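Predicted model only: the values in this text are computed from it and were never measured. A note on names: the letters A, B, ... follow the listed sequences, proteins ahead of strands, and every chain is numbered from 1.
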Amino acid sequence: MTTSTVPYGNLTGPSRLRRLATAPIAGPLAALVLACAFFSLMTDQFLSGGNFSLIIQQVMVVGALAVGQTLIILTAGIDLSCGAVMAFGSIMIAKMAAEGTVPPLVAVALGLAVCAGFGLLNGLLVKLIPLPPFIVTLGMLNVAFALTHIYSNEQTVSDLPRALTFLGETFPLGDTDVTYGSLLALGLFGLFAYLLSSTSWGRHVYALGNSPEAARLNGIRTGRLTIGLYAIAGLVYGVAALLLISRTGVGDPQAGQTDNLDSITAVVLGGTSLFGGRGSVLGSLIGALIVGVFRNGLQLMGVASIYQTLITGVLVILAVTVDQISRKRIR
Amino acid sequence: MSTATTATPVIQARGLVKRYGHVTAIDGADFDLLPGEVLAVIGDNGAGKSSLIKALTGAVTPDEGEIRLNGEVIRFNGPQDARAHGIETVYQDLAVAASMDIASNMFLGRELLRPGPLGSVLRMVDKKRMREEAAAHMADLKIGLRSLTQPVETLSGGQRQAVAVARAVAWARSVVVMDEPTAALGVKESGQVLDLIRRVRDKGLPVILISHNMPHVFEIADRIHVHRMGRREALIKPSDYSMSEVVAIMTGALTVDGDGGGTVVADEAAAKAAGVRPN
């Protein structure tokens, strides 16, 4: 409360340009643009529609997981089970559809429901017992991983009906072929960007991540909200399972084993704070693209894949360092 | 203790009791808040102030006694129920979401939705209207802030307090309860918050002020509710007593005499130690 003579409540605040420059995704966005510029200079093949379409295909599965992961991390939680839940969902959908026990679309619906069920169980354990999200989802990671291998008998499921591989098919956009799956993944980002930024639900998520106590005192039902978030994240992992099937064309019980950590990498690179309450799914999309661009660009430059992993690791540590330092400056 | 009840009290409580096992947190407490007054609630640590306030704001359901809101007997079913009845609380930690902007904090949990299908179907919040109404509330209380799109974490302690007070005032229809609003503030900012409390009262909204700071209490309060050992020890006007007398009443060295206005020594040694005499 300053007794200044400045008019009350400047409604618009800083200019659009200034807000963009100080927005939390400004850093990640700049990193992405710089990386693209760097690889465009280093290799001829990088800057093409076809290569970008490929990058999106390569990151869409982890990207979709990152959407759910963002929801959890915004509440200061973490979800280690996302990749394993997705793998179980994909095996279940693939096997049911391939064996013809149920029509493919019913298999999809059941798979999505089971993934949401895993998420719901995570949420109930986190909120009602309550247990730390790290422990709950670590346990669920193992449960889902084991169930995947038990259910599949360690067998890859092939000969999938077209309903399951359709998302891997392409349509032309200019002279570039884009998969329907890429479109679905981008749609998922758009949907949750809208929900988080423009609905009261989204505001409640941020408030919960800032301070569960403040949210509760302001009448937000934090228990219901938290459990719902884990369930929705599970549903999103189900969508990631569909993308995974369409990308590989089979149901693979070995799939997604490091995707949990890759999704956390994308979220953190996108500027979402592990302490909750700040960040966005658009940031996570940028984070996933940063990883994708680095891997793709280094590949094109002929750098061995183990160095790609090395660089990704360095990037993550850099991103968390920036997060910590910027938080200290605010306080 | 004088109870000049010309106006219907906004909140009145009689014989409130709350026990936790063997501990009696509220022991037959009375409470009266008149329209348009700033009532300070003071008491030593452990006197049961916060239990009393919790009972009045719905956070605790008393075992015995009754609470009246504007003359009607009422039973609050949780803090949300008290809020629905127009009782707003400014908590000591302010209950704000640090990374969210001022307007968002003012409407936290009570967001305005866009008119038409954008709101009813797509659940889209009306950011523009929330900013405008937040600005109107801030202007109403003469709170000057550079921008309502600033995150609350970028504000000073006094500014955050002002945002929390403005939020409470915006939604309160009956009373605003403030828990130690100046405890974390410096001298200048405390003065600004006291001015703000006056402006709230001048709008006609009564304020319950819980405070440990005697100078602040004497500066702002119309009446002082002294709480001691789970019940109201005295309900006095600050003009009738000195600060050291009030502290002595709070600690049990003095008690207020039958007619109010005077005191009698309850504990000779304690009164002597405190340097107060009955007048």
Check for a donor-acceptor pair, side chain of B:K18 on one end and backbone N or O of B:T61 on the other, with a separation under 3.5 Å.
yes
Between B:Q80, B:R83, B:R110, which shows the greatest number of heavy-atom pairs under 4.5 Å with chain A?
B:R83
Which of parallel (below 30°), tilted (30 to 60°) and perpendicular (above 60°) describes B:W171 and B:F107?
perpendicular
Check for a donor-acceptor pair, side chain of B:D179 on one end and backbone N or O of B:T89 on the other, with a separation under 3.5 Å.
no
Test item: B:L205 and B:R173 side chains (from C-beta on) under 4.5 Å apart, heavy atoms:
no
Check whether A:N218 gets within reach of chain B through its side chain, its backbone, both or neither, counting any heavy atom under 4.5 Å.
both
Taking atom NZ as the centre, does B:K54 end up with more than 12 heavy-atom neighbours from other residues, nucleotides or ligands that are less than 6.0 angstrom away?
no
Below 4.5 Å from any heavy atom of chain A, which atoms of B:I102 appear? Answer side chain, backbone, both or neither.
neither
Answer key: most heavy-atom pairs under 4.5 Å with chain A among B:D195, B:L122, B:L155, B:D126 is B:L122
Determine whether B:M178 and B:V193 make a side-chain contact, defined as any pair of heavy atoms from C-beta on separated by less than 4.5 Å.
no
Highest number of heavy-atom pairs under 4.5 Å with chain B among A:R216, A:R203, A:H204 belongs to A:R203
What option among B:G109, B:S99, B:A136 has the most heavy-atom pairs under 4.5 Å with chain A?
B:S99
Side chains of A:L269 and A:I286: closer than 4.5 Å at any heavy-atom pair?
no
Which one of B:P79, B:G157, B:A95 has the most heavy-atom pairs closer than 4.5 Å to chain A?
B:A95
Partners meeting ring-ring contact (aromatic ring centres under 6.0 Å, His included) with A:Y180 (sequence neighbours left out):
A:F166, A:F171
Heavy-atom distance under 4.5 Å to chain A: side chain of B:R114, backbone, both or neither?
neither
Closest-packed option against chain B by number of heavy-atom pairs under 4.5 Å, given A:Y194, A:W201, A:Y206
A:Y194
Heavy-atom distances under 4.5 Å only: say whether B:Y91 touches chain A with side chain, backbone, both or neither.
side chain
So, taking the atom named OG in A:S263 and the one named OH in A:Y237, what distance separates them when rounded to the nearest 0.5 Å?
6.5 Å
Taking a cut-off of under 4.5 angstrom between non-hydrogen atoms, the residues of residues 219-233 of chain A near chain B are A:G219, A:I220
Keeping A:S198 on the side-chain end and A:L195 on the backbone end, is there a donor-acceptor pair under 3.5 Å?
no
Looking at side-chain heavy atoms only, is the closest gap between B:L141 and B:K203 below 4.5 Å?
yes
